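What follows is a single structure, written as structure tokens, with notes after it.
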Amino acid sequence: MTQGRSTIKEKIKNVVLVVLFLFTILLLYFFWKDEELKEFSLADLRFSDEKENVIAINDITVPSHIDICFGNETYTKISANKESYWDGSDMSVFAAVKAVISSQDTYTEEITKEQYEQIMSFVSLRAVFEYFLPFNEYCSFIAPDNSSAADAIESISELGFSQGSTDSLFIYDGKSDKYFRVVSDFSSETLLEQASVLAAEENQTYYPLKQYVGNDFAERIFIPSILETDLAPLNVSQDFGEEDEKAAEEAARSFFSGNFDFVRKIEEKSGRIIYMYGYGEKTFTANTDGSFVYRAQPEKSGNGSSADTYFAALEKALVAIADQGGFATSTDQELNPYIAYAGELDGGGYRFEFGFAAGGENVYFENGSPLEIEVCGGQVTYFKRHFLNFDEQKAHTNSFSETASALNVIAGNYENIYTILRSTVQGYELSEEERGAQGILYNSDERFNYVTGSICDMSSGYLYKEEEKELVPCYVISMARGNLAVYFDIYTAELLGFNNFSEGRGASYAN
Amino acid sequence: MKRIVAIFLVAVIMIFGACGTVFAAEADPNITIVNPVADTPVNSTSLLISVKIMRPQTIKTTVLKETVTTQSTVAADGTVSETRTVTWNSVFESENFTTTTNLSFYTKKLENVAQGNYIVRVDTIGSDGKVLYQTSRSVTVAEKESEAEVFSSNSSGAVNNFLQSLLKSIFGN
């Protein structure tokens, strides 16, 4: 009887010990996480798949725009709806590219620029990538068993198909400024028929700039003859409000392994808050404009490790972005992202910049991009996020009106553009023919020709005006080999601002 | 024979008379018709008109299409003669376009343009509404000729293919 009681006592003691042990763990959890009891939920303890919200590389690696030639010197440019052409349910340029790359019977040859331009004057399409995309890595990524990889091709700037040679995939490598064709047993005839019919029904006609102004340009710049749009200005609020210190703190905590051990908090008079780990190995800065910047010193000194392949770095970047809430704002608004820039870093590794769209139109900033991330040696060394909250439903009014003539935006503002070019773009030298006395062009015709000759692309979108807290529908003129973007109001042709990339991109240039 | 020559002369006079109405005044030095390009046929069913205006003024653009009618006449003596009459009919007439800047462009895209000869005429309109200058450009819309192959379908590709396959089989991909 006595022995039985003592056994029961021992069992009770064991249970109590287990309960105390669990309480100790729970208390330690609250202590380390620095959380209040009311914030705790069982959902926090569930096992979650970290990759659940990671954007697939194939979903983000899409062209910046797709240009279609109808074969009679008329073109169209597909920007907002490019995904449905690239890999849609009805047609897929991606599937065609993959078919060529996967083909076991291919040969690759370098062609001249003249041949490339000539072949693209037939009914043709061009998927234009305005960011760095390495050719061989991309081939291996989309078709691991491919036999098309060619060492001569460094990057993919354009992928094209043409009715002038339906058994060929045409590639423009912007990095080496070379043109290639990959001949295979795949025929692009059906794809081109589908694309040209669909594009003619859905999109507006564009002409090359040279047809409007008479000059011959090195770059192909497509300008709409008439552009009608229903884009409306959008009011925005910043991602983290000035008073929303808590949200910024949460974002900071996620960069420091979930706790603030060995982290100092510095509050500046301007309202900026800096969290610093150790002796500055990692810093997190919450800016008053709703943006935040995280920097970490690379753990390995010197160059990035050999593991820093483009797609490994991109995947690391996408996982890091997902860990920080993906492309959702602090009010859980899901943004529609795209790659605005990708490039190799000087010291090794890669830098990616992501933009987001509003009503299908890209949103541009006068300084930097909404999300910038650098991966070096398999480690995220820089992360800047500047998201905005807005009501996307209000982007389209369904009341279409004619915009300011794209051509007259240039003609009416070429003096302004010339001044901006001269004052911002460093190292973009004029040729001897273009150069006037002391590098200044006094003649207005020369200035107009210089400005139009510097244009790389013209498109529409939204510009974020920080002071007005507004997204303004705009024309974007990309100039000087992509080193400068100038923005104009799409309805009034008024100069809105510009973004100067010529001083470089990268953490060392960021605020 | 004399009658035929006389009819032919009448026809020629009518042609130049019709053209005379098109080219009534001298060209405006501040207007350049950039597109259509001179002496370059258009091989498309759409026609882009681009006019460069180099001072603040008002213009009006008209597109005229050449129509040729041929009439056969049988004389009392049985001689058959043909009279060719050329007329220029307006297929497009723009509203007045006024610019206040020193450089601007007037652009217009015409769709479903039939094959034939056209004249693009730009009238410079004065403040009193009178035509001060007439700048024009003739253009022919014609069927597109078949384009030559850019890449010859000779055996160079096959040779390249063979060589590449051989190199791949030796050294791997």
Side-chain angles (χ1 to χ4, degrees), chain A residues 70-74 104-109 111-112 114-122 136 139-140 145-150 162-165 167-168 181 183-184 204-215 223-226 405-408 410-415 444-445 447-448, chain B residues 32-38 40-56 97 99-111 113 137 141-144 146-153 155-169 171-173:
Chain A
F70 296 114
N72 50 13
E73 295 185 345
T74 57
Q104 295 301 310
D105 187 19
T106 64
Y107 75 88
T108 306
E109 67 174 356
I111 58 174
T112 63
E114 289 71 30
Q115 284 176 313
Y116 184 81
E117 293 300 336
Q118 199 183 342
I119 203 75
M120 286 301 163
S121 66
F122 289 78
N136 279 339
C139 290
S140 303
D145 298 329
N146 82 87
S147 60
S148 306
S162 166
Q163 274 189 356
S165 178
D167 60 354
S168 303
R181 73 165 178 150
V183 183
S184 73
Q204 313 201 37
T205 308
Y206 285 65
Y207 289 92
L209 182 58
K210 72 174 182 181
Q211 287 201 35
Y212 292 103
V213 301
N215 299 354
I223 305 281
S225 52
I226 296 169
S405 152
L407 185 59
N408 282 328
I410 302 168
N413 288 286
Y414 75 94
E415 295 284 7
S444 61
D445 271 352
R447 285 198 293 271
F448 178 72
Chain B
T32 306
I33 299 175
V34 180
N35 208 49
V37 182
T40 307
V42 173
N43 307 120
S44 170
T45 55
S46 67
L47 177 65
L48 176 71
I49 298 165
S50 179
V51 181
K52 188 178 180 182
I53 309 156
M54 288 163 281
R55 53 170 276 193
F97 175 80
T99 173
T100 54
T101 60
N102 281 325
L103 179 66
S104 65
F105 289 83
Y106 168 79
T107 60
K108 178 72 188 173
K109 186 184 77 160
L110 298 182
E111 297 277 19
V113 179
R137 167 74 44 83
V141 177
E143 195 175 348
K144 193 174 186 179
S146 59
E147 289 173 276
E149 280 189 14
V150 180
F151 303 106
S152 58
S153 53
S155 59
S156 68
V159 172
N160 282 343
N161 198 10
F162 171 73
L163 286 172
Q164 286 195 12
S165 301
L166 186 69
L167 288 169
K168 275 178 194 170
S169 63
F171 298 109
N173 287 332

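Convention: sequence-line order gives letters A, B, ...; per-chain numbering from 1. Only a predicted model underlies this, so the values are computations on that prediction, with no experimental measurement involved.
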Query raised in the report: Can you list the steps and then say if A:I111 with B:F151 is a side-chain contact (heavy atoms from CB on, under 4.5 Å)?
Result: CA-CA 10 Å; A:I111 58 174; B:F151 303 106; 3.5 Å; yes
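- Few gaps surround CD on A:Q163; more than 12 heavy atoms of other groups in view lie less than 6.0 Å from it.
- Contact record, B:S104 with A:A411: CA-CB, 4.1 Å, taken as the closest heavy-atom pair.
- No more than 12 heavy atoms of other residues, nucleotides or ligands shown are found within 6.0 angstrom of CD on B:E143.
- Annotation: side chain to side chain donor-acceptor pair (under 3.5 Å) contacts of A:Y207 (sequence neighbours excluded): B:S46.
- Atom CG of B:N102 is separated from atom CZ of A:F448 by 13.0 Å, given to the nearest 0.5 angstrom.
- The CD1 atom of A:I410 sits 8.5 Å away from the CZ atom of B:F105 when rounded to the nearest 0.5 Å.
- For a residue to count as touching a neighbouring chain, one of its non-hydrogen atoms must lie under 4.5 Å from one of that chain's; by this rule B:T107 touches chain A with the side chain only.
- Of all the heavy atoms in B:K109 and A:S225, the pair that sits closest is CD-OG, 3.9 Å.
- Of the listed residues (A:L407, A:D445, A:T74), the one with the most heavy-atom contacts under 4.5 Å to chain B is A:L407.
- Looking at A:F70, there are no atoms closer than 4.5 Å to chain B (heavy atoms on both sides), in backbone or side chain.
- Remark: side-chain polar atoms of B:N35 are not paired, donor with acceptor, to backbone N or O of A:Y212 under 3.5 angstrom.
- Comparing B:L48, B:V34, B:N43, B:T99 by heavy-atom pairs within less than 4.5 Å of chain A, the highest count is held by B:L48.
- Residue A:E73: no heavy atom, backbone or side chain, is found under 4.5 Å from chain B.
- Here the CG-CG distance, from B:L47 to A:N72, works out to 11.5 Å after rounding to the nearest 0.5 Å.
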